[in-house]
Colleague: 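Please read through the structure below; I'll follow up with questions.
Counting starts at 1 for both ligands and their atoms, in listed order. Remember, predicted model here, so these are calculated numbers, not experimental data.
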Amino acid sequence: MIETGGEALPGGRELSVRVPGDKSITQRALILGALAEGESRIGGVLRGEDPLATGRALAGLGVEIRGLEGSPESDLRIRGRGLRGWRQPDGVLDLENSGTGARLLAGALAAQPLTAVLTGDESLTSRPMERIVGPLRRMGAAIDCLGVPGRLPMRVTGGPLVPLCHRGTVASAQVKSAVLLAGVGAGVAVEVCEPRRSRDHSELMLEAMGVSVVAGAVEGGWSVGVPAPPTRLAPLDMEVPGDFSSAAFLLAWAVLSGCRGALTVRGVGLNGTRTGLLPVLARMGIGVDVAQRGTAGGEPVGDLRVAAPMGPPRAVEVGGAEIPAMIDEVPVLAILAARAEGVTRITGARELRVKESDRLTALALNLRRIGVAVEELPDGLEIEGTRGRLAGAAECFGDHRIAMCFGVLGATPGCDIRVDDPGVADVSFPGFWKLLARLPHRSASDRRGRTAYTRRDAARGDAAANPEAGCLVVAIDGSAGSGKSTTAAAVAFRLGFRHLDSGAVYRAVTLGLIERGTADAVLEEVTPEELAALEIDVKWGEGRMEVWLDGNRIPERDLRSERVTARVSQVSAIPAVRSGLLDLQRSARAGAGLVAEGRDMGSVVFPDAKVKVHLDADPRERARRRILQRGERSPGPAEIEAEADRLRRRDERDSSRRVAPLRRAPDAVVIDTTGLEPDEQIDRIVRLVEKARRVSR
Ligand code: S3P
């Protein structure tokens, strides 16, 4: 399924992949095709365990299906038996793991003049069926739960039904579809109101088959109805788009692996009732370009492209109305949250407890096991992102999405995760593991970078005895506006190194002095003793730098407050401050590596740094970036020139100041970033680090 690429992508290279057909659409095509009059042709179907189980159940009902177990390229042909033409099955219909198969078939069976017993595997027989049993009984179907009430196995005896207006308490496309299929099958009017709009594949497919579907917002939710069902369904002729839910795993991989270049997933279904993850990703700082290329069976189809990440994702709050359109992607969000900056809070997702597994518990348990701090809420999760090493065994609970999410996380740097039951991925994404293995992975040395101390490190030298000795230091400095902070953070993220932001340390000192009431006039006279009395400390929240003052972690908003910003350059020019902070900054060396960023990193703080980089860019380009960074829109030439002038004057001051002038270390590699995309800058530095590692080995 990989179309281009193969090895690690140097900056700018593109990797293009496809994912198997959409599970929800394939399931509906099978069932609706079986109710049509005439032969349906369906291309691009998912040949996963779920549709295969539905196909076998339909075969048991006398429906002739060709090509379902055939080659991925071949079309599927379904010879429909008409709205009420299914045959009495000989045995039990086993839907295995498929909730969609069981619930939609139960709806369709409610209108058939026959009796069928539906069952499933351990997971499916423990999932709630009352939500469909209730409305179908009210329409007139006879349904007996043969084991536990409200669970499979159940016997459905269909026949003539009465119209129904069903008000559901959960947003469920399966419940909605079951009622619509019963109404269409029996030729009676139906309407379903759900608290929030769920995926609308059934509606679109019914319309493509000649059914008039009425849908719209109503008080308290969303209503869908078929007021005048037709006497026959026209056969389908359609291509199933790639599954957005499967594509989501690959997008997450690209974000978390620091995939260099960009990853495009082609031919993906872009139905808005499914793509709710995209705006959430945008809030996390993950940009996904969406290009619609056409439609298939009324479904929008197109390409998703995620660019190389600039840094770790940001934590988000997600809940309420957002959940239905991303219900199957919450596990993907959870693994992104595990690597995000901050605490992600997911609420309103109680339905996850009744999916193929209790996904809230499965996610919480597994994340905790591998080293992520998680709080399980009744209807969601609170996940604290970490850059620390994640290792351990993930338990799948027979759930394809749990298996794939820990598979994806495990394929990213700094993780060593085993998945206990990888085979379950076949339910929705056959070939998932093969595809994952063929994606470009980081070099072994990169991966080692995420791991604080490997046995090889310890065996090679004195790293175990002296943590600082094994730590590769990358010193980054550069002129104002050259992009050093963002670049340093992104490089550290890619390599799994600590990121020392010396600017934040100077800000902490400034804040401390302000809080002590040191007047501006006497700042110059701060003594080393006064400085020591400040109790500035730097701690490492699993790779991320935290600055502490007097025993308390300084909140980001205090560090970046105006009063600090106004004085920090004055404070950082005090000789006692600079020398007083040397030891503290040097103590940041630990683990595999440190990206240290600041004006005198390569010359004074870490003169022996293995990699020294000096970033520069044309003043006009730096000016343009600064203006854009402030959130202003495309600046005009005059505005750019004025800002560039300010930067030139600042360069002058910076390089001629008495204390810690900006002077690049003679052995620093100068990178002119003027014409470079951010990921190209990052790539260049990462390549310098790789080279330094090879040399020192
Ligand atoms: C599906 C609907 C959703 C979803 C499931 C597939 C469908 O379930 O989670 O994976 O194909 O209709 P609910 O209807 O239970 O929300």
Colleague: Considering residues, nucleotides and ligands other than Arg155, do more than 12 of their heavy atoms fall under 6.0 Å from its CZ?
Modeller: no
Colleague: Where is the tightest heavy-atom contact between Ile335 and Ala252, given as atom of each residue plus distance?
Modeller: CD1-CB, 4.3 Å
Colleague: Return the protein residues near ligand 1 (heavy atom under 4.0 Å from any of its atoms), ordered by chain and residue number.
Modeller: Ser24, Arg28, Thr100, Arg103, Ala171, Ser172, Ala173, Gln174, Arg199, Ile327, Asp328, Lys355
Colleague: Hey, does Glu96 have a side-chain heavy atom less than 4.5 Å from the side chain of Leu124?
Modeller: no
Colleague: If the condition is side-chain contact (heavy atoms from CB on, under 4.5 Å), which residues does Glu375 pass it with, not counting sequence neighbours?
Modeller: Leu377, Glu382
Colleague: On a heavy-atom basis, which atom in Glu329 and which in Ser245 lie closest, and how many Å separate them?
Modeller: OE2-OG, 2.7 Å
Colleague: Counting neighbours of CZ on Arg283 that are heavy atoms of other residues, nucleotides or ligands and sit closer than 6.0 Å, is the number greater than 12?
Modeller: yes
